[in-house]
Every structure is written in structure tokens, then in C-alpha cells.
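Lettering of chains follows the sequences in order, A, B, ..., and the numbering in each one begins at 1. Keep in mind that the numbers below use all heavy atoms, side chains included, and drop hydrogens, waters and symmetry copies.
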There are 2 protein chains.
Amino acid sequence: MSRSEKAEATRQSILDRGQMLVLQKGFVGVGLQEILKASGVPKGSFYYYFPSKEAFGCALLQRYVEGYLAQMDQLLAADLPDGRIRLMRYWSAWLAGPEDPARGWAEDCLVVKLAAEVADLSEDMRRVLNDGVAALVARIAGMIAEARADGSLPAGAPPQALAQMLYQMWLGAALLTKLSRDRTAMQQAFTATEALLVCPGPQAATPNFSGGRS
Amino acid sequence: MSRSEKAEATRQSILDRGQMLVLQKGFVGVGLQEILKASGVPKGSFYYYFPSKEAFGCALLQRYVEGYLAQMDQLLAADLPDGRIRLMRYWSAWLAGPEDPARGWAEDCLVVKLAAEVADLSEDMRRVLNDGVAALVARIAGMIAEARADGSLPAGAPPQALAQMLYQMWLGAALLTKLSRDRTAMQQAFTATEALLVCPGPQAATPNFSGGRS
DNA sequence: AGTAACTAGACGACCGGTCTATTAATGATT
DNA sequence: AATCATTAATAGACCGGTCGTCTAGTTACT
């Protein structure tokens with residue numbers, strides 16, 4: 001392994017452990033020391049890899065967003081019967097990942113965990129996350145458009161607006177799930193999503209959704 | 001002013017300033033020192049008023065939730081034409097408060113700001129916030145039920161489920177607004193809410209499609 | 001061998017939450 | 001009304017951790 005390859009590996013290792021820790025303790029809640037110790041990297045080396053904690057945060061978010069979008073692209077490229085199924089598979093992933101059925105994307109979502117914190121903390125970090133979300137929503141909108149094109153979804157609200165609305169609903173559901181430790185909010189979001197997708201424009205009637213929360 | 005009255009006033013002052021600071025810097029992001037200085041209370045006095053920072057956090061959340069629910073009850077008691085208008089006035093408050101039209105409840109919402117942070121930080125704080133949200137959603141559900149009773153809203157999904165779904169949508173919208181600094185997400189939530197409320201009821205004609213998924 | 005890439009950890013200034021000792025104010029007892 | 005006991009409130013030290021800097025040292029490629 002070449003010198004700079006190893007350096008890159010170290011950098012990634014810091015980012016890896018950092019992501020785990022940030023996910024459970026928040027960005028300001030976790031210290032450099034802790035991240036470094038967990039990565040087996042000495043304290044002093046940090047500022048060789050990153051100019052500041054904030055820059056580290058940006059890199060972390062950037063990497064996360066890229067990974068997320070890559071997973072989405074993989075989903076987009078998958079050979080599935082139709083667009084509607086493809087779209088619904090995306091939402092299913094929030095509930096349960098392919099590997100661990102008990103741990104969906106929602107639990108590991110940095111947007112859920114960091115959006116509120118980062119928005120007031122660092123303009124740079126905010127922008128990285130915000131751009132990521134925008135790209136994400138655009139892809140959802142694309143999926144909706146495709147599903148309509150192949151006839152698996154009916155026409156309705158503009159894809160961009162619908163995508164945004166669905167995403168924010170899921171975001172809220174994930175947040176409430178985190179707070180309540182009860183996943184029914186997410187299951188309800190799933191049901192609501194199905195209903196909303198087949199829902200015509202604002203003026204027309206909307207099909208019912210039935211989600212249960214005791 | 002009696003001795004203990006003054007003490008209570010001091011306590012409230014700490015809670016007041018604390019809420020402002022926590023709202024913009026997060027719970028771990030703000031230090032006792034800063035809060036105390038802003039309240040004009042000497043540092044050493046903190047542990048006279050609160051047994052710990054966590055207990056302070058619980059008191060903060062408790063007070064916030066109580067205030068929020070009180071505002072809702074005020075709205076519920078208001079003399080308005082019908083239940084639907086009452087409900088929509090509640091959602092309007094998210095967008096713009098009665099005093100400051102540019103600053104709705106969303107911007108000052110501790111649930112938006114703290115839910116993700118607190119959920120992993122302190123079980124006690126988590127529970128206070130979660131119970132508050134549950135009470136809040138119950139009130140929304142109540143409003144829906146009333147609006148249906150007076151005929152201003154059509155029958156539809158169970159009030160509790162609908163209330164929860166709407167609340168999480170608004171939560172997500174507020175989070176995204178914080179992140180993007182763009183209030184269109186909130187306005188969109190408003191439109192979506194109006195559409196969702198007039199959804200037809202559980203259709204006997206339509207088999208429940210959450211069970212019959214391919 | 002020379003030079004760049006990388007590691008190492010001590011160090012600084014400051015801030016975190018917590019605790020103990022002390023002063024200030026009050027109410028009770030003579 | 002003067003003293004005392006008790007409580008309210010404060011001051012400041014405490015230890016550990018924060019981010020960030022700096023310089024000396026080690027490793028590896030040219």
C-alpha cells in the first residue's frame with residue numbers, strides 16, 4: 001500500500017468512526033479526542049487530515065450524501081417491473097434495510113440527526129446537507145415522473161412538489177420515531193405514501209389511508 | 001416580593017434565557033455559564049435552582065410543552081365559525097404567529113430543534129418531550145373529530161392517525177425550512193394539509209391496500 | 001541521501017458540569 | 001428587641017475535557 005493510499009485509508013477511517021459517533025451523539029456532542037481514539041489515530045494527526053472540526057463535518061456530510069445518492073442510483077438502475085414498485089422500494093428502505101430488517105435507513109439518517117443542529121451551527125455544513133437533500137428530492141421526483149410515464153402511477157401534483165412533500169413527511173416520521181422509540185409512525189408514513197401517490201391534484205378527492213397508532 | 005417568590009422569578013429567568021439560547025445553539029451546544037451570564041445569575045447559584053443540567057433541560061421542556069398546550073387550549077376555546085377553521089388556524093400559526101408574521105411557531109419549536117438531539121442524550125428529557133408531543137397530537141385529533149362533528153370536515157381516516165400524520169408532515173416541513181432557509185416547504189405543507197383533510201373516509205369500496213401489496 | 005509525507009504527543013487557553021465552604025437574609029425564641 | 005438557628009443564595013475552586021497549535025520525530029519514496 002502506497003503512502004498516500006494509506007493516508008487516504010486513515011482519513012476514511014476517521015470519517016467512518018466519526019459518522020457512527022456523530023449519529024448517536026450529535027456533532028457538537030462528540031469530541032475529536034473520542035473520534036480519534038475510536039479510529040486509533042493519534043490526537044495530533046487530526047489536523048493533518050482536516051483543517052478544522054467544521055471542515056471535518058463538511059467532509060463527513062459530503063461523503064454521507066454521496067453514498068446515499070449512490071445507493072439511490074443503484075436502486076434506479078435496478079431491473080424492476082415498473083416505476084411505482086421502484087419508488088415504493090425506496091420508501092421501504094427507510095423502514096428496513098436489505099441486510100438488517102430491524103434497522104432501516106431512518107435510524108442511520110444524518111439528515112434526521114443533524115439538520116436542526118447544523119442549520120444554526122455552520123453555514124458550510126448547512127449548505128452541504130441542504131444541497132444533498134435537494135439532489136435527493138430531485139431523484140425522488142424523477143422516480144415519480146418515470147412511474148407516471150410507464151403508467152404505474154396516475155397523474156397528479158407536480159413531481160417536484162409531491163416528492164418534497166413525501167420526503168418531509170418521512171423526515172417527520174423518522175424524527176418522531178426517534179423520539180417515541182415506536183416505529184408505527186414510519187409504518188403509517190408508508191401507508192400514507194401509497195395513498196398520496198395515487199392522489200389527484202389538490203382540488204380533487206384523495207383516497208383514504210389507514211395507518212394505525214394506538 | 002417574598003423570598004421564595006424572588007427565587008421562583010430567578011428560576012424562571014434562567015429558564016427563559018435558557019430557552020432562547022437552547023433554541024439557537026442546541027442543548028449540548030450551550031453552556032451553563034452562558035445561560036447564567038445572560039440571566040444575570042452567578043454561576044455558583046445554578047445548582048441551587050436545578051440539581052443538574054439534565055434536570056434543567058427537563059424543566060425547560062416541561063415548561064415549553066405546558067405553554068404550547070396552553071396556547072392550543074386557548075385556540076380551542078376561541079369562538080370561531082366552525083371546527084375546520086379552528087384547525088386550519090392552528091396550522092396557520094406554524095407559518096405566522098399573531099404578533100410577528102415573519103416568525104411562526106415553526107422557528108421557535110423546541111421539538112424541531114431538540115427531538116433528534118435529546119432522543120439519544122437523556123431518557124428523561126426524551127420522555128418529557130415525547131409525552132408533550134403525544135398530548136399535542138391528541139388535541140389535534142380532537143379538533144379533527146370536532147370539525148367532523150359539526151360537519152365542516154368530511155369523514156375519513158381515524159382522527160388520531162390523521163393528526164399524527166399531519167403533525168409529522170409539518171415537523172418535516174419545519175426541519176427542511178430550517179435547513180434550506182426557504183419557507184416554501186411550509187407553505188406547501190399548508191396546501192397539502194387542506195387536501196388531506198377533505199380525503200374521503202375509509203372506503204368500503206376500496207379494499208385496504210396496505211394488506212394487499214404485491 | 002534528501003525531501004516530502006506522515007506521526008507523535010505535549011501544550012495552551014479556555015470552557016464543561018459539579019461541589020464545598022462561605023456569606024447574607026430571614027424567622028423564631030427569649 | 002437582641003440573639004440565635006436556619007435557610008437562601010453565592011463565590012470560587014475543581015478536574016477533566018474542548019479545539020486547536022506547535023515542534024520534534026519517524027517513515028517512505030525519489
Side-chain angles (χ1 to χ4, degrees), chain A residues 1-22 24-61 114 117-118 120-125, chain B residues 1-61 114 117-118 120-126:
Chain A
M1 184 184 276
S2 99
R3 198 142 176 70
S4 59
E5 273 170 348
K6 193 183 160 204
E8 183 54 27
T10 304
R11 215 184 105 102
Q12 290 301 322
S13 153
I14 298 174
L15 255 10
D16 266 339
R17 301 289 174 169
Q19 183 164 334
M20 290 183 198
L21 288 166
V22 162
Q24 61 190 71
K25 309 183 77 171
F27 185 72
V28 305
V30 75
L32 264 11
Q33 199 166 257
E34 191 176 359
I35 298 172
L36 268 344
K37 199 166 61 186
S39 329
V41 174
K43 171 108 190 285
S45 297
F46 180 82
Y47 286 86
Y48 173 76
Y49 294 102
F50 303 97
S52 69
K53 194 192 181 186
E54 186 182 5
F56 160 74
C58 288
L60 185 75
L61 291 176
L114 294 185
E117 185 180 0
V118 148
D120 301 313
L121 186 71
S122 151
E123 180 61 18
D124 286 350
M125 289 176 73
Chain B
M1 186 184 271
S2 99
R3 200 150 174 68
S4 60
E5 273 169 349
K6 192 184 157 205
E8 183 53 29
T10 305
R11 217 184 104 102
Q12 289 301 323
S13 154
I14 299 175
L15 254 11
D16 266 339
R17 302 289 174 170
Q19 182 164 333
M20 291 183 198
L21 288 166
V22 162
L23 198 58
Q24 60 189 72
K25 310 183 75 170
F27 184 72
V28 303
V30 75
L32 263 12
Q33 200 164 257
E34 191 176 1
I35 298 172
L36 268 343
K37 198 165 61 187
S39 328
V41 175
K43 174 145 186 244
S45 298
F46 181 82
Y47 284 84
Y48 172 73
Y49 295 102
F50 302 96
S52 69
K53 195 193 183 187
E54 185 181 6
F56 159 74
C58 287
L60 186 75
L61 257 25
L114 294 185
E117 185 180 359
V118 148
D120 301 314
L121 185 70
S122 150
E123 180 62 18
D124 286 350
M125 289 177 72
R126 200 209 103 227

inquiry  = Could you tell me how far apart B:Lys37 (NZ) and C:dG17 (P) are, to the nearest whole angstrom?
reply    = 13 Å
ask   = Taking the inter-plane angle between the rings of B:Phe56 and B:Phe27 on a 0 to 90° scale, is it parallel (under 30°), tilted (30 to 60°) or perpendicular (over 60°)?
value = parallel
key: Closest contact, heavy atoms only, B:Leu21 versus B:Ala38   = CD1-CB, 4.2 Å
message = What is the distance, to the nearest angstrom, from the CZ atom on B:Phe27 to the P atom on C:dG16?
response = 13 Å
request  = Would you mind classifying the nucleic acid contact of B:Val28 as base, sugar-phosphate or nothing, using non-hydrogen atoms under 4.0 angstrom?
outcome  = nothing
task = Using atom CZ of A:Arg11 as one end and atom P of C:dC6 as the other, report the distance to the nearest whole Å.
result = 12 Å
query = Are A:Gln33 and D:dT18 close enough that a side-chain N or O sits under 4.0 Å from OP1 or OP2?
reply = yes
key: Whole-Å gap separating C1' (C:dG16) and CG (B:Leu36)   = 13 Å
task = To the nearest Å, give me how far apart CZ (B:Phe46) and P (D:dC14) are.
result = 22 Å
request  = Answer yes when B:Glu34 and B:Lys37 have at least one side-chain N-carboxylate O distance shorter than 4.0 Å, and no when they do not.
outcome  = no
request  = For A:Gly44 and for A:Gly31, find the nucleotide of DNA chain D with the closest heavy atom, then tell me which residue's nucleotide is more 5'.
outcome  = A:Gly31
ask   = Can you find a side chain N or O atom of B:Ser45 that sits less than 4.0 Å from OP1 or OP2 on D:dT10?
value = yes
Residue A:Tyr49, side-chain atoms from C-beta onward, closest of D:dG20, C:dT7, C:dG17 = C:dT7
query = What is the distance from CD of A:Glu34 to C1' of D:dG16, rounded to the nearest Å?
reply = 14 Å
message = What I'd like to find out is whether the side chain of A:Leu15 reaches to under 4.5 Å of the side chain of A:Phe50, using heavy atoms alone.
response = yes
message = Can you confirm whether B:Tyr48 sits close enough to B:Val41 that some side-chain heavy atom of one is under 4.5 Å from a side-chain heavy atom of the other?
response = no
query = In whole angstroms, how far is the P atom of C:dC6 from the OH atom of A:Tyr47?
reply = 19 Å
query = Quick one: the side chain of A:Lys43 and the base of D:dG20, do they pair up donor-acceptor inside 3.5 Å?
reply = yes
key: Euclidean distance, atom CG of residue A:Leu32 to atom P of D:dT21 [Å, nearest integer]   = 11 Å
